[in-house]
Amino acid sequence: QVQVEESGGGLVPAGGSLRLSCTASGPLNDDRYAQAWFRQAPGKEREGISCISVAGAEFYADSIKDHFTISRDGMNTTVRLQLNNLKPEDTAIYYCAAAVTRYCPGSWALGSRYKYWGQGTQVTVSS
């Protein structure tokens, strides 16, 4: 079983920044997974926003590609999402998901492509 855990959400004013972190730990020390970020705003459908493979290939949704950046740490165990120039419409619960593969799946923005999910972290941007 793979455990996925997010951290780093909070309340920030418009124009501010946050950095979200996600760890995906499996039963083996060398387990590594492609990881993605999704978000769900109140009353809206879940939206896939970014994915990064174990090798570091990055994918972004058009809606956020100019102000969010995904990255991995050197040991590949933690994935981070840097949120810059936040807007009130970025307010949502942000979820991290891990795939069963080391590469981002085709149609990476579909939630059904990921098997393991975290509980989510709230990001609130005040106007």
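None of these values were measured; they are calculated from a predicted model.
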Check the pair Cys22 / Val4 against side chain to side chain contact (heavy atoms under 4.5 Å, CB included), numbers first and verdict last.
CA-CA 7 Å; Cys22 171; Val4 178; 3.7 Å; yes
Rounded to the nearest 0.5 Å, how far apart are CZ of Phe68 and OG of Ser50?
10.0 Å
Determine whether Ile64 and Phe59 fall in the same hydrophobic cluster, where Ile, Leu, Val, Met, Phe, Trp and Tyr are linked whenever their side-chain heavy atoms lie under 4.5 Å apart.
no
State, without any angle test, whether Ser71 and Arg80 hold a side-chain donor-acceptor pair at a distance under 3.5 Å.
no
Kindly indicate, with the supporting measurements, whether the criterion side chain to side chain contact (heavy atoms under 4.5 Å, CB included) is fulfilled by Gln35 and Tyr114.
CA-CA 9 Å; Gln35 288 165 252; Tyr114 301 87; over 6 Å; no
For atom CD of Glu5, decide whether the heavy atoms of other residues, nucleotides or ligands shown that lie under 6.0 angstrom number more than 12.
no
Could you tell me which non-hydrogen atom of Cys104 sits nearest to which non-hydrogen atom of Ser53, and how far apart they are?
SG-N, 3.6 Å
Of all the heavy-atom pairs spanning Asn84 and Ser17, show the shortest one and how long it is.
OD1-OG, 3.1 Å
Donor-acceptor contact below 3.5 Å, side chain Thr91 vs main chain Val125
yes
Okay, side chain of Glu6, backbone of Gly120: is any donor-acceptor separation there less than 3.5 Å?
yes
Describe, in one word, how the ring planes of Tyr95 and Trp117 are oriented to each other, choosing from parallel (under 30°), tilted (30 to 60°) and perpendicular (over 60°).
perpendicular
Same apolar cluster (I L V M F W Y, side chains within < 4.5 Å links), Leu83/Val79
yes
Can a donor-acceptor pair be found, under 3.5 Å and without considering hydrogens, that links the side chain of Ser107 to the backbone of Leu110?
no
CD of Gln122 to CZ of Arg39, rounded to nearest 0.5 Å, is 12.0 Å
Can Val2 be reached from Ile52 by stepping across I, L, V, M, F, W or Y side chains whose heavy atoms are under 4.5 Å apart?
no
State the OG1-CG distance between Thr124 and Leu11, to the nearest 0.5 angstrom.
6.0 Å
Tyr103 OH: over 12 foreign heavy atoms closer than 6.0 Å
no
Is any side-chain heavy atom of Lys65 less than 4.5 Å from a side-chain heavy atom of Ile49?
no
Tell me, do Tyr116 and Gln1 make a side-chain contact under 4.5 Å, heavy atoms counted?
yes
Grab the two heavy atoms, one from Ala98 and one from Tyr33, that are nearest each other, plus how far apart they are.
CB-CB, 4.1 Å
Are side-chain N/O atoms of Glu47 and Ser63 paired as donor and acceptor at under 3.5 Å?
yes
Do Thr23 and Gln3 come close enough that some side-chain heavy atom pair is under 4.5 Å?
no
Enter the distance from Arg113:CZ to Trp108:CH2 here, rounded to the nearest 0.5 Å.
13.0 Å
Any side-chain to backbone donor/acceptor pair from Thr121 onto Gly9? Under 3.5 Å, distance only.
yes
Strictly distance-based, threshold 3.5 Å: is any side-chain N or O of Arg46 a donor or acceptor partner for the main-chain N or O of Phe38?
no
Exercise: identify the closest heavy-atom pair between Ser126 and Pro13:
OG-CA, 3.3 Å
At their closest point, which heavy atom of Pro88 faces which heavy atom of Ala14, and how far apart are they?
CD-CB, 4.2 Å
Please check if the side chain of Arg32 supplies one atom and the backbone of Ser25 the other of a donor-acceptor pair under 3.5 Å.
no
If two hydrophobic side chains count as joined below 4.5 Å and joins carry through other members, does Leu18 share a cluster with Ile70?
yes
